[in-house]
Amino acid sequence: NRTELTGGVAVAYAVTPTLAPELSAAMSEPIGDGVRRSAAGVGATAWFGAWQLRAAAQLGLAGDPYNTRVVLQGSVRLP
């Protein structure tokens with residue numbers, strides 16, 4: 001889609017102070033011509049001191065976005 005409005009939701013539960021598995025869902029609505037897309041996935045967030053790492057795998061459910069995709073995200077808290 002050339003232009004779209006995208007939204008998503010994720011639910012995570014901290015099983016330890018440093019690890020939180022998650023379930024996620026996302027949906028994109030085209031603005032103008034295009035195809036509505038949706039995806040669902042699983043992932044986890046881990047904390048290492050000031051560092052936060054997140055990895056998630058998503059499966060395309062509707063539309064033509066992709067078969068699967070992997071999202072890797074890293075961040076650091078500055079003092």
Side-chain angles (χ1 to χ4, degrees):
N1 297 333
R2 183 176 173 149
T3 307
E4 63 187 13
L5 181 62
T6 302
V9 63
V11 176
Y13 180 77
V15 294
T16 71
T18 60
L19 181 64
E22 70 176 49
L23 299 173
S24 63
M27 187 171 148
S28 298
E29 181 70 29
I31 298 173
D33 293 336
V35 177
R36 178 180 293 146
R37 305 182 301 148
S38 64
V42 296
T45 299
W47 293 269
F48 305 95
W51 290 92
Q52 177 182 358
L53 300 176
R54 178 180 175 264
Q58 294 184 333
L59 176 65
L61 300 176
D64 190 20
Y66 41 77
N67 289 328
T68 58
R69 77 175 180 173
V70 175
V71 178
L72 301 172
Q73 177 182 352
S75 59
V76 63
R77 266 180 281 158
L78 301 174

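Evaluation of the salt bridge (Lys or Arg N to Asp or Glu O under 4.0 Å) test over residues 39-52, restricted to residues two or more places apart or in two chains, returns none.
M27 and V9 fall into different hydrophobic clusters, where Ile, Leu, Val, Met, Phe, Trp and Tyr residues are linked whenever their side-chain heavy atoms come under 4.5 Å apart, directly or through other members.
Minimum heavy-atom separation, A12 to E22: CB-CB, 3.9 Å. Of all heavy-atom pairs between A55 and L72, the closest is CB-CD2, 3.7 Å. Looking at every heavy atom in both residues, A20 comes nearest to A14 through CB-CA, 3.9 Å. Of all heavy-atom pairs spanning N67 and L59, the tightest one is O-CD1, 3.1 Å. The minimum heavy-atom distance between L61 and A40, with the atom names listed, is CD1-CB, 3.7 Å.
The side-chain hydrogen bond (donor to acceptor under 3.5 Å, both in side chains) check on E29 picks up R36, with sequence neighbours excluded.
In this structure a side-chain-to-backbone donor-acceptor pair under 3.5 Å is present from R77 to G49.
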Given T45 and L53, is the side chain to side chain contact (heavy atoms under 4.5 Å, CB included) satisfied, shown in steps? CA-CA 6 Å; T45 299; L53 300 176; over 6 Å; no

